[in-house]
Amino acid sequence: MKTVYIPKGKTASYDSLETEHLVVNGCLKVTHGLKAKTITGAGVILAGTISADDIRVREIEAASVCCLRLNAKRVQAEEVLASESAVVSCCLCADYVASAHLTVAFYKVGEIDAGKVVNLPPKKIHPFWMLLATVLRPFQVLLSVVRAVFCAGEVMDAEYHQVPEDVSRPAA
């Protein structure tokens, strides 16, 4: 198979999977090995071992991850081997991490073998903006409910002309 796609809201389970391109927007469960050239998407991967050139997903939970470049929000693995770079924007939990360049926000790692480690600073939000967001949240929810009720997929303010159905067809 060249490309495997798992849509959002769906769960796919495989014993082992080998493909060129993998797009995971839902949940992928692989019991043993997962091999691909590229792995992308906004989904979750649960696998025994993952081997790929480029990995760009939201969440990975595996025994072993081996790749050239890793970019994920959350990674939980026994062993993470990224030859060129590993970027984990939220949380990295592993026993062993090896990478030439590691960028991580929060990590719980037993041993790190990296040429360069960059710690991302936590996002600081001013209390005024946080208060404003909590005050505006009910209005945002109300607006989305009103939009869902009154705008049921119809095109608004568009010109509409009824086409008369002609029974007779012109001769060619």
Side-chain angles (χ1 to χ4, degrees), residues 3-12 21-30 34 36 38-47 50 52-158:
T3 302
V4 176
Y5 175 72
I6 290 95
K8 184 177 180 180
K10 300 292 182 180
T11 300
H21 305 287
L22 176 63
V23 180
V24 180
N25 287 328
C27 180
L28 174 64
K29 295 179 182 179
V30 180
L34 169 61
T38 61
I39 301 173
T40 59
V44 178
I45 298 175
L46 309 167
I50 299 174
D53 288 344
D54 288 315
I55 301 174
R56 289 171 292 164
V57 293
R58 183 176 49 120
E59 190 167 340
I60 294 175
E61 186 174 328
S64 176
V65 178
C66 183
C67 62
L68 288 174
R69 290 169 294 278
L70 171 66
N71 189 347
K73 189 170 186 178
R74 285 181 287 277
V75 176
Q76 184 171 351
E78 301 248 344
E79 181 179 57
V80 177
L81 305 171
S83 301
E84 292 179 8
S85 65
V87 178
V88 181
S89 62
C90 185
C91 180
L92 170 64
C93 294
D95 288 337
Y96 178 74
V97 175
S99 179
H101 186 86
L102 176 64
T103 304
V104 65
F106 173 76
Y107 62 94
K108 183 179 177 183
V109 178
E111 182 180 346
I112 295 178
D113 182 15
K116 183 178 179 183
V117 178
V118 177
N119 290 319
L120 296 173
K123 289 185 178 179
K124 292 185 180 180
I125 300 174
H126 194 275
F128 172 75
W129 298 114
M130 191 176 297
L131 180 63
L132 183 64
T134 57
V135 168
L136 294 178
R137 178 75 58 172
F139 296 112
Q140 181 185 5
V141 171
L142 180 65
L143 181 64
S144 64
V145 168
V146 168
R147 188 178 298 149
V149 169
F150 291 109
C151 300
E154 296 180 20
V155 178
M156 304 299 272
D157 298 332

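In what follows, residues are counted from 1 in the order of the sequence shown.
For the pair I112 and Y107, the minimum side-chain heavy-atom distance is below 4.5 Å. Counting heavy atoms from C-beta outward, V104 and V97 have side chains that stay 4.5 Å or more apart. Side-chain contact between I6 and C27: absent, with no pair of heavy atoms (C-beta onward) separated by less than 4.5 Å.
V109 approaches E111 most closely through the heavy-atom pair CG1-O, 3.3 Å. Contact record, E84 with A100: O-CB, 3.3 Å, taken as the closest heavy-atom pair. Between V88 and K73, the shortest heavy-atom distance links the atoms CG1-O, 3.5 Å.
Remark: L68 CG to L81 CG distance equals 11.5 Å, nearest 0.5 Å. Here the CZ atom belonging to F128 is positioned 7.5 Å from the CG atom belonging to L131, to the nearest 0.5 angstrom. The OG atom of S64 sits 4.5 Å away from atom CD of E79, with the distance rounded to the nearest 0.5 Å. Put simply, CG on L22 and OG1 on T3 are 9.0 Å apart, with the number rounded to the nearest 0.5 Å.
Under the side-chain contact (heavy atoms from CB on, under 4.5 Å) test applied with L70, the options V87, I60, D54 reduce to a single match, I60. Among L34, V23, L28, D53, the one residue that satisfies the side-chain contact (heavy atoms from CB on, under 4.5 Å) test with I39 is L34.
Annotation: side chain to side chain donor-acceptor pair (under 3.5 Å) contacts of R74 (sequence neighbours excluded): E59.
A donor-acceptor distance shorter than 3.5 angstrom exists from the side chain of N25 to the backbone of A42, with no hydrogens or angles considered.
Residue pairs satisfying the side chain to side chain donor-acceptor pair (under 3.5 Å) criterion with at least one member in residues 87-101, sequence neighbours excluded, are listed as follows: Y96-D113, H101-T103.
Residue Y5 qualifies as enclosed at atom OH: its count of foreign heavy atoms under 6.0 Å is above 12. Within a 6.0 Å sphere centred on CZ of R69, heavy atoms belonging to other residues, nucleotides or ligands number more than 12.
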